[in-house]
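The next block holds one structure in the form of structure tokens; read it before the comments.
Position 1 is the first residue of the sequence; numbering continues from there. Note that ligands are numbered from 1 as they come in the structure, with each ligand's atoms numbered from 1 the same way.
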Amino acid sequence: MSIKSINWRGATCAVLAAALLTGIAGCTPVAVQGSSPPAGPIEAAAEPNWTSGGMVAAANPLAAEAGAEVLRAGGSAVDAAVAVQGVLSLVEPQSSGIGGGAFLVHYSAATGDVITYDGREVAPRGATADMFLDAGGKPLRFFDAVRSGRSVGVPGAVAMLELAHREHGRLPWRQLWRPGITLAETGFAVSPRLHEMITAVVARGSLPANSAAYLTLDGQTPRPVGSLLRNPDYAATLRRIAVQGAKALREGPIAEEIVSAVRADPMPGTLTLEDLRDYRPNRLEPVCSTYRVYLVCGMRPPSSGGVAVLSVLGILSHVDMAARGATTVAGWHYLIEAQRLAYADRDTYVADDRYEAVPIAGLLDRDYLASRAALVSPDRAMQRVEPGRPPGAQLRGRDATGGTTGTSHFVVVDGRGNVVSMTTTVESLFGSQRMAGGFFLNNQLTDFSFTPFDDKGQPIANAVAPGKKPRSSMSPTIVFRDGRFELAVGSPGGHAIIGYVAKSIVGMLDWGLTPQAAVDLPNVIARGLVVAETARMDPALIESLRAMGHEFRGGRSGGEASGIHAVRRLSDGRLEGAADSRREGKVVAVPYDSTR
Ligand code: GLY
């Protein structure tokens with residue numbers, strides 16, 4: 001999908017979802033992939049004279065610096081993303097890594113093309129619909145399933161980066177892994193958050209011997225803050241990846257190590273060398289909708305993120321949110337109600353669309369979203385929120401699976417105006433906690449529904465099947481205005497990602513906040529009960545929302561703490577980034593270099 005093919009001057013009420021949606025009743029279709037060019041004026045080439053410099057916003061300073069180093073060397077946004085992932089996998093292994101999966105949204109400034117890359121893990125051939133049920137047919141305890149070999153999907157992050165690099169890389173692939181290799185060999189200081197996460201995972205029960213040796217001093221005592229952590233096995237793995245590419249994880253000694261780690265007790269998985277060998281990442285059209293004067297693009301299934309964020313925004317487009325600011329009861333009331341409606345639909349209808357007919361067009365249909373918006377009262381919370389019946393939907397059971405604490409998001413803008421918005425995950429803290437080749441293996445398959453049917457006997461779209469990808473909530477997003485890049489944003493947070501990202505977009509676009517102020521807004525997630533960072537909220541605001549009938553629960557936001565990273569291009573062309581203070585992130589600006 002190219003943003004250059006859009007008639008921005010006519011794009012006032014149109015809804016667009018590339019590749020899937022055709023003209024939507026009542027609006028001017030602004031761009032439909034595969035259709036003839038729209039009538040009317042077309043903006044000039046996107047970003048022909050980019051002078052904004054580059055920027056990296058990531059969850060760890062060492063990773064952000066590695067990305068910036070690549071940009072200074074003339075690398076592209078994708079080049080920098082490879083380096084960021086190589087370092088994150090080492091210094092923030094609780095959240096993402098080369099043993100996990102990822103989604104990447106890419107914007108090419110030269111062509112105006114927006115494309116997404118799907119590096120989601122797949123279930124092995126031996127996966128079965130009942131593999132997360134015990135002998136009595138009851139769902140396994142969540143953390144038993146996480147630690148089992150059954151939870152491990154075929155990793156996809158490196159293969160996805162390899163594909164994106166083939167299409168958008170400027171620097172040699174092998175150069176991009178150097179920052180990770182160097183840090184793994186020389187060592188890095190354990191950060192407060194890494195220490196905290198090691199403490200949390202140790203408290204949950206015994207670790208496999210190799211991860212206990214890596215994360216603790218004596219099998220139990222978490223490595224202290226500031227201690228030097230080296231990982232020569234990871235350095236050796238990266239050296240292989242630097243030379244062989246993703247093939248290094250598909251066959252040979254590292255692949256064999258992955259298979260034996262997955263097939264170890266307790267509850268071995270079925271993963272085979274054939275499963276690893278056959279993994280291929282996908283290049284997918286984005287799912288995009290207009291929101292006011294903006295075009296918002298995100299991931300299509302197997303992530304529910306793009307569709308759900310666009311559903312929230314589509315419902316809010318019926319409300320003047322700008323007139324209801326970030327401190328108003330009405331503003332938060334509408335944000336909560338839009339989330340409740342969008343989550344109900346997302347929980348019910350979105351899954352891997354190679355296996356399930358996901359009614360993406362129906363879910364984002366303007367009239368359908370208008371009918372959902374009409375359910376919202378201006379002064380009372382809805383009593384019950386049920387999924388709707390969007391056009392094209394089949395009856396499905398609601399799936400409450402949510403995801404936990406092992407994801408990271410980063411944004412890169414390079415010196416030519418290309419943008420990467422990438423969310424990357426091992427699913428839970430340190431994934432399955434199983435290690436191979438110096439890295440952690442994901443537990444992404446626990447993002448599937450543990451049961452294939454709901455309690456009314458309805459099939460669940462997100463049930464396990466061999467070769468299927470578990471539904472994700474990851475929502476890497478890029479927003480455009482008038483044919484130009486406006487902002488990129490995303491977050492970790494399990495199912496709460498959708499709420500974190502929607503809040504940040506509303507904060508920046510409707511409430512006029514800086515990226516940092518939007519990220520700093522309290523997280524309020526409304527999937528069923530409202531779970532909110534009440535400590536960040538004015539008590540009078542909470543009281544007013546309660547009086548409207550909203551049931552509040554304090555604390556985190558129902559998933560993990562957010563780690564929202566964003567970059568916005570201001571009207572004067574400067575870039576402004578934000579790193580979530582709930583984590584350890586950093587924004588690094590790389591000034592414009594007229595010699596490149
Ligand atoms: N495991 C987090 C997600 O994919 O949403």
Legend entry - Residue pair Asn443 / Thr446, side-chain donor-acceptor N/O under 3.5 Å: yes

Inset, instruction - Please identify which atoms of ligand 1 are closer than 4.0 Å to at least one heavy atom of Met474. - result: 3 (C), 4 (O), 5 (O)

Legend entry - Charged N-O contact under 4.0 Å between Arg120 and Asp447: yes

Inset, instruction - Taking the six-membered ring for Trp and the single ring otherwise, decide whether the centroids of Tyr234 and Phe439 are under 6.0 Å apart. - result: no

Legend entry - Distance filter under 4.0 Å to Glu427 heavy atoms, resulting ligand 1 atoms: 1 (N), 2 (C)

Inset, instruction - Can you figure out which of Gly101, Ser472, Ser475, Pro470 has its heavy atom closest to atom 4 (O) of ligand 1? - result: Ser472

Legend entry - Distance (rounded to the nearest 0.5 Å) between Asp454 CG and Asp347 CG: 12.0 Å

Legend entry - Any N or O of Asp447 closer than 3.5 Å to N or O of ligand 1: yes

Inset, instruction - Could you tell me whether ligand 1 has any atom less than 4.0 Å away from a heavy atom of His495? - result: no

Inset, instruction - Check each atom of ligand 1 against the heavy atoms of Gln444 and keep those under 4.0 Å away; list them by number with element. - result: 1 (N), 2 (C), 4 (O)

Inset, instruction - Taking atom CD of Glu551 as the centre, report whether more than 12 heavy atoms of other residues, nucleotides or ligands fall under 6.0 Å from it. - result: no

Inset, instruction - Flag the pair Arg300 and Asp118 as a salt bridge only when some basic side-chain nitrogen lies within less than 4.0 angstrom of an acidic carboxylate oxygen. - result: no

Inset, instruction - Check whether any heavy atom of Arg120 sits under 4.0 Å from an atom of ligand 1. - result: yes

